[in-house]
Amino acid sequence: MTEIDGIHQARDDARAALQQALSEIKRVIVGQDAMLERLLVSLLANGHVLLEGVPGLAKTLTLKTLAAVLGGSYGRIQFTPDLVPADLVGTRVWRPDTGHFDTELGPVFHNFVLADEINRAPAKVQSALLEVMQEKQVTIGGTSYPVPRPFIVMATQNPIESEGTYPLPEAQVDRFLMKIVVDYPTPGEEAAVVGRSLQPPVAVRECLTLADLEAHSRAVETVTADRAIIGYAVALADASRHPGNYGLSELDPLIEFGSSPRGPIGLVQAARALALLRGRVHVETGDIRDLAPDVLRHRLVLSYDALSEGVSVDSLIEQLLETVSAPDAERLIRSAG
């Protein structure tokens, strides 16, 4: 087998294995297909996810099932106003019997970490978690401890309650690869959920190992994203910062700050993983368009005018997607040399 044949085989194996894992998760989770696909994309792209949805939409069950199917460890942290950073990352404990300090690692030392209602903890605790997400390690008493690999944080926010919450600063939210808005299931899906609740819980089986997952993440690196695709992702981000340059001057007073450079970087990385899941060896424009709302919605800061008029960030992204086209990407490519 040639090297090229080996690359093709690795991609095929990765797609088949991930589709099998997705099918196994769907035996438990009903009606959240988009969320499940985005979670696998985030895993392959080594990114973290911020989920926003009302209680009862299977966010906790989803991550627990994902951990069981992928053979990783699972930890859940319930964020509350009295939480301190040591409750997350761990601390040093004095042992009188030995006369020494021992290090006790916190609940972030798992492959899959659920940060439930992350906006209910104060800024110092939020920053501690976000630092672990960025650095992939924790420093306690001058010693650094790496978190397990792979490492994904799925943080949740409840959009219907604001009392006693501490909103995440925009600069910290930017560290999440995606912000996924989880909606209610359809009546048919909800009926299936109710029906399953009357039966014994489904016992899922482990379909992948963590080593398999790392190998499949490497397969994503063989998926091609050409200059036009990169230019399209950059054009979308640039249009969020300078909408007047793209014939959208009416959006100028509505967007306070556009996407950071992490936006197009994450968009292309996620699109490569999505293309792999969809059985392709290259990224298409449709992959970028499908992922743009999830990757960009938490990176746009609306102005006071937009908030007072009830303008949603998703409606602005939709206008960007309708207006920005391939010629804009080509123009950016030519200007870059």
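Computed from a predicted structure; not experimentally measured. Hydrogens, waters and symmetry mates play no part in the numbers below; they use all other heavy atoms, side chains included.
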(message) Can you tell me which residue among Asp116, Val108, Leu114 is in a side-chain contact (heavy atoms from CB on, under 4.5 Å) with Ile77?
(response) Val108
How far apart are the closest heavy atoms of [X] and [Y], and which atoms are they?
| X | Y | result |
| --- | --- | --- |
| Val268 | Ala233 | CG2-CB, 3.7 Å |
| Lys26 | Arg196 | O-NH1, 3.4 Å |
| Ala68 | Val204 | CB-CG2, 3.8 Å |
| Phe151 | Val147 | CG-CG2, 3.7 Å |
| Pro148 | Asn111 | CB-ND2, 3.4 Å |

(message) Let me check something: do Tyr145 and Val153 share a hydrophobic cluster, defined by ILVMFWY side-chain heavy atoms less than 4.5 Å apart, either directly or through other members?
(response)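 Same cluster.
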(message) For residues Ile265 and Val49: do they belong to one hydrophobic cluster (side chain heavy atoms under 4.5 Å, members Ile, Leu, Val, Met, Phe, Trp, Tyr)?
(response) no
(request) Please lay out, stage by stage, how Arg218 and Glu221 fare under the test salt bridge (Lys or Arg N to Asp or Glu O under 4.0 Å). (result) CA-CA 5 Å; Arg218 290 192 294 271; Glu221 299 172 1; over 6 Å; no
(request) Go through the steps for Arg149 and Glu214 under the test salt bridge (Lys or Arg N to Asp or Glu O under 4.0 Å), then give the verdict. (result) CA-CA 8 Å; Arg149 298 294 183 95; Glu214 286 206 29; over 6 Å; no
Does any N or O in the side chain of [X] come within less than 3.5 Å of the main-chain N or O of [Y], such that one atom is a donor and the other an acceptor?
| X | Y | value |
| --- | --- | --- |
| His298 | Phe176 | yes |
| Ser308 | Asp305 | yes |
| Ser259 | Arg299 | no |

(request) Check step by step if side-chain contact (heavy atoms from CB on, under 4.5 Å) holds for Leu296 and Leu320. (result) CA-CA 11 Å; Leu296 298 180; Leu320 296 179; 5.6 Å; no
(message) I'd like to know if the side chain of Thr80 pairs up with that of Asp82 as donor and acceptor (distance under 3.5 Å, no hydrogens or angles considered).
(response)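 On atom types as modelled, these side chains qualify, holding a pair under 3.5 Å.
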